[in-house]
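Below: one structure, written as structure tokens.
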Amino acid sequence: MTEENLLTHQFEASRDHLRAVAYRMLGSSAEVDDAVQEAWLRVSRYDMSDVANLRGWLTTVVARICLDMLRARKSRKEEPMGPHVPEPVDETRQREAEIADSVGAALLVVLETLQPAERLAFVLHDMFAVPFEEIAPIVGRSVDASRQLASRARRRVQGAPVPDTDLSRQRGIVEAFLKASREGDFEGLLAMLDPDVVFRADDAAVRLGTLPEIRGADAVAQLYKGRAQAARTALVDGEIGVAVILGGHLRIALRVTFNGDRIVGLEALADAERIAALDVEVLER
């Protein structure tokens, strides 16, 4: 198989995923076609030799294209396209109709009220588990600002169904991670961590005795081995995370990012002002 044919094959294998991303961003089947076609034009002109994760790279490409389309729509003051999908006339349209059903018309209507950057941050993070570190350069904001965009969007869609976000499953992952941590179970910790997991800590957490950044499952598992005695599974700004309670007070909040059934990101926040700005709810066992 030639390099060009291989690229075509890989792109086609990701096409349904890219359509799903574009549909949630745009709510319009016609615009979905345009966005995915533009993504193919870009990838076909790009040197892919340094792209390790093509699916992830394509997701960010489609997201950028959709963001530009949403901003253009706003600048023209167009009426939203809405969640309506044409009658399916072939397999492609049938798949898009299934996507529309999975998203839910009510949620699409609410998403139309969001600003483009809010919509992108919410869709990529909450629906497709894209880390904020990858979302930030797409929207041109810092990681914290990107997180705030998603949090603001999340509050605006409160009460609407949010597909592809399995809080119960994520809670189970975090609880298994904390159990392994308390018991000093190194292999158990590794089972819960993505090989490329990244731990980051703010300055206040660093002053408590950790490094500002630790990469890799082995290193992060070593960090948590035999710890987490005061850690509890919690909702942190509506997302599954960890609260460290000492003396009856919240001392550290951990934001957790998932990649499938594993933890791919941990962010420790110990700064008092940042913690005070969080909405943290400890989940009872």
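Because only heavy atoms are used, hydrogens play no part in the values below, and waters and symmetry mates are left out as well, while side chains stay in. When a residue number appears, it is its place in the shown sequence, counting from 1.
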### Query
Is there a side-chain contact between Val36 and Glu38 (heavy atoms, below 4.5 Å)?
no

### Query
Run the salt bridge (Lys or Arg N to Asp or Glu O under 4.0 Å) check on Asp33 and Arg19 step by step: do they pass?
CA-CA 8 Å; Asp33 290 334; Arg19 286 184 179 278; 2.8 Å; yes

### Message
For Glu273, is the CD atom crowded, meaning more than 12 foreign heavy atoms sit under 6.0 Å from it?
### Response
no

### Query
Quick one: do Phe199 and Leu211 end up in the same hydrophobic cluster if we chain Ile, Leu, Val, Met, Phe, Trp and Tyr together by side-chain heavy atoms under 4.5 Å apart?
yes

### Query
Are side-chain heavy atoms of Val256 and Phe177 found at a separation under 4.5 Å?
no

### Query
Would a hydrophobic clustering, with Ile, Leu, Val, Met, Phe, Trp and Tyr connected at side-chain separations under 4.5 Å, put Tyr23 with Val130?
yes

### Query
So, does Arg119 use its side chain to make a donor-acceptor pair with the main chain of Leu70 at under 3.5 Å?
no

### Task
Apply the test side chain to side chain contact (heavy atoms under 4.5 Å, CB included) to residues Arg215 and Arg200: give CA-CA distance (whole Å), side-chain angles for both, the deciding distance (0.1 Å), then the verdict.
CA-CA 9 Å; Arg215 291 180 173 270; Arg200 292 187 175 89; 3.3 Å; yes

### Query
Does the pair Arg232/Glu175 count as a salt bridge with the N-to-O cut at 4.0 Å?
no

### Query
Going through the distances and angles, do Leu189 and Gln222 end up as a side chain to side chain contact (heavy atoms under 4.5 Å, CB included)?
CA-CA 9 Å; Leu189 286 167; Gln222 194 62 50; over 6 Å; no

### Query
Which of parallel (below 30°), tilted (30 to 60°) and perpendicular (above 60°) describes Phe132 and His125?
parallel

### Query
Can you tell me if Arg15 uses its side chain to pair, donor with acceptor, with the backbone of Phe11 under 3.5 Å?
no

### Query
Less than 4.5 Å apart, any side-chain heavy atom of Leu124 and any of Thr59?
yes

### Donor-acceptor under 3.5 Å (Asn259 side chain, Arg262 main chain)
no

### Query
Hey, any chance Leu193 and Val264 share a hydrophobic cluster, counting ILVMFWY side chains that come within less than 4.5 Å of each other, even indirectly?
no

### Query
Is a donor on one side and an acceptor on the other found under 3.5 Å between the side chain of Arg154 and the backbone of Leu149?
no

### Message
Apply side chain to side chain contact (heavy atoms under 4.5 Å, CB included) to residues Leu178 and Tyr224 and explain how you reach the verdict.
### Response
CA-CA 9 Å; Leu178 294 180; Tyr224 278 95; 5.9 Å; no

